[in-house]
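One structure is given below, encoded as structure tokens.
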Amino acid sequence: MTIKECYEACGANYEEVLGRLRSERLVTKFAGKFLADPSFNLLETSLAEKNFDEAFRAAHTLKGVCQNLALTKLYVSSEKMAEVLRPGREAERDGVDLDALFKQVAEDYTQTTEALGKLDA
């Protein structure tokens, strides 16, 4: 799978990231490094432990990496998660279904990493 096909498969914006990084080689390099980023696993673990400060940091980092790489679909869901977990918004968190938000992030993450895993070496 080419990098452009990979981006299409996971709901990402290839033209945006190409405009930012200026070369297909760099897009491929940094998109491939995304697979080693620990933010998603840290988010999952932190939520399970109800460590919302650490979960916020993980969601915020994941959001930032996705924004930089124009991984749009995952960016949107991780941004929603980060905003719900943002310190100082605990009262707003009441009534929010964190499990449903995380489920969406997990689905988007899986779609993204599966596509990146098929990237031509």
Side-chain angles (χ1 to χ4, degrees):
M1 176 181 288
T2 68
I3 188 66
K4 187 172 183 177
E5 292 167 336
C6 176
Y7 264 66
E8 290 169 359
C10 67
N13 189 327
Y14 177 74
E15 297 304 322
E16 180 181 334
V17 73
L18 186 60
R20 183 174 294 124
L21 297 180
R22 301 276 186 208
S23 88
E24 187 172 298
R25 183 186 64 74
L26 284 177
V27 174
T28 302
K29 175 183 175 180
F30 287 110
K33 288 183 180 239
F34 178 80
L35 295 172
D37 183 89
S39 301
F40 176 80
N41 293 330
L42 181 59
L43 173 61
E44 184 174 36
T45 302
S46 300
L47 285 173
E49 295 171 352
K50 300 202 183 305
N51 182 344
F52 297 121
D53 287 338
E54 192 65 30
F56 166 73
R57 283 189 285 282
H60 192 267
T61 300
L62 182 61
K63 172 192 82 154
V65 171
C66 290
Q67 185 175 31
N68 287 334
L69 292 175
L71 300 172
T72 311
K73 188 172 183 181
L74 182 54
Y75 165 77
V76 169
S77 60
S78 60
E79 192 269 338
K80 288 178 187 174
M81 178 63 79
E83 289 309 308
V84 166
L85 294 169
R86 185 173 294 281
R89 296 190 176 169
E90 291 79 9
E92 297 171 32
R93 198 176 304 140
D94 290 340
V96 172
D97 188 346
L98 286 177
D99 290 336
L101 281 176
F102 179 74
K103 182 180 177 190
Q104 185 62 59
V105 172
E107 287 174 9
D108 296 344
Y109 180 81
T110 298
Q111 182 181 13
T112 300
T113 56
E114 284 178 355
L116 290 173
K118 295 176 184 174
L119 192 57
D120 292 337

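Note that the numbering runs from 1 along the sequence shown for the chain.
Taking hydrophobic clusters as Ile, Leu, Val, Met, Phe, Trp and Tyr residues chained together by side-chain heavy-atom distances below 4.5 Å, Val105 does not share a cluster with Tyr75. Clustering ILVMFWY residues whenever any of their side-chain heavy atoms sit less than 4.5 angstrom apart, transitively, puts Leu69 in a cluster other than the one holding Leu42. By the criterion of side-chain heavy atoms lying less than 4.5 angstrom apart, applied directly or through intervening Ile, Leu, Val, Met, Phe, Trp or Tyr residues, Met1 is not grouped with Val17; the two fall into different hydrophobic clusters. Cluster annotation: Leu71 is not connected to Val76 through the hydrophobic network of ILVMFWY side chains, with a link wherever side-chain heavy atoms come within less than 4.5 Å.
Side-chain contact between Tyr109 and Phe34: present, with at least one pair of heavy atoms (C-beta onward) separated by less than 4.5 Å. Using a 4.5 Å heavy-atom cutoff, the side chains of Leu119 and Glu5 are not in contact. With a 4.5 Å cut-off on side-chain heavy atoms, Thr112 and Lys73 do not count as touching. Between Arg93 and Phe52, the closest side-chain pair of non-hydrogen atoms falls below 4.5 Å. Residues Leu62 and Met81 fail the side-chain proximity criterion, which asks for heavy atoms closer than 4.5 Å.
Atoms CD and CD1, on Glu8 and Ile3 in that order, are 11.0 Å from each other to the nearest 0.5 Å. Expressed to the nearest 0.5 Å, how far OG1 of Thr72 lies from CG of Asp108 amounts to 11.0 Å. Atoms CZ and NZ, from Phe102 and Lys80 in turn, are 16.0 Å apart once rounded to the nearest 0.5 Å.
The only option from Val27, Asn68, Thr28 that meets the side chain to side chain contact (heavy atoms under 4.5 Å, CB included) definition with Leu21 turns out to be Val27.
Side-chain atoms of Gln111 come within 3.5 Å of backbone atoms of Ala9 as a donor-acceptor pair (strictly under, hydrogens ignored). A donor-acceptor pair under 3.5 Å links the side-chain atoms of Ser77 to the main chain of Leu74, judged by distance alone.
Residues passing the side-chain contact (heavy atoms from CB on, under 4.5 Å) test with Asp99, sequence neighbours excluded: Asp97.
The pair Glu54-Arg57 counts as a salt bridge, with a side-chain nitrogen and a carboxylate oxygen less than 4.0 angstrom apart. A salt bridge does not link Lys118 with Glu114: none of the charged nitrogens is closer than 4.0 Å to a carboxylate oxygen. In summary, Glu83 and Arg89 engage in a salt bridge, as defined by a charged side-chain N under 4.0 Å from a carboxylate O.
Residues Arg20 and Ala70 come closest through the heavy atom pair NH1-N, 4.1 Å. Heavy-atom minimum distance, Leu18 versus Ser23: CD1-C, 3.7 Å. Closest approach of Leu43 to Ala59, counting heavy atoms only: CD1-CB, 4.0 Å.
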Exercise for review: Go through the steps for Glu15 and Lys4 under the test side chain to side chain contact (heavy atoms under 4.5 Å, CB included), then give the verdict.
Suggested key: CA-CA 9 Å; Glu15 297 304 322; Lys4 187 172 183 177; 3.9 Å; yes

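Between Tyr14 and Tyr7, the ring-plane angle classifies as perpendicular under the 30° and 60° cut-offs.
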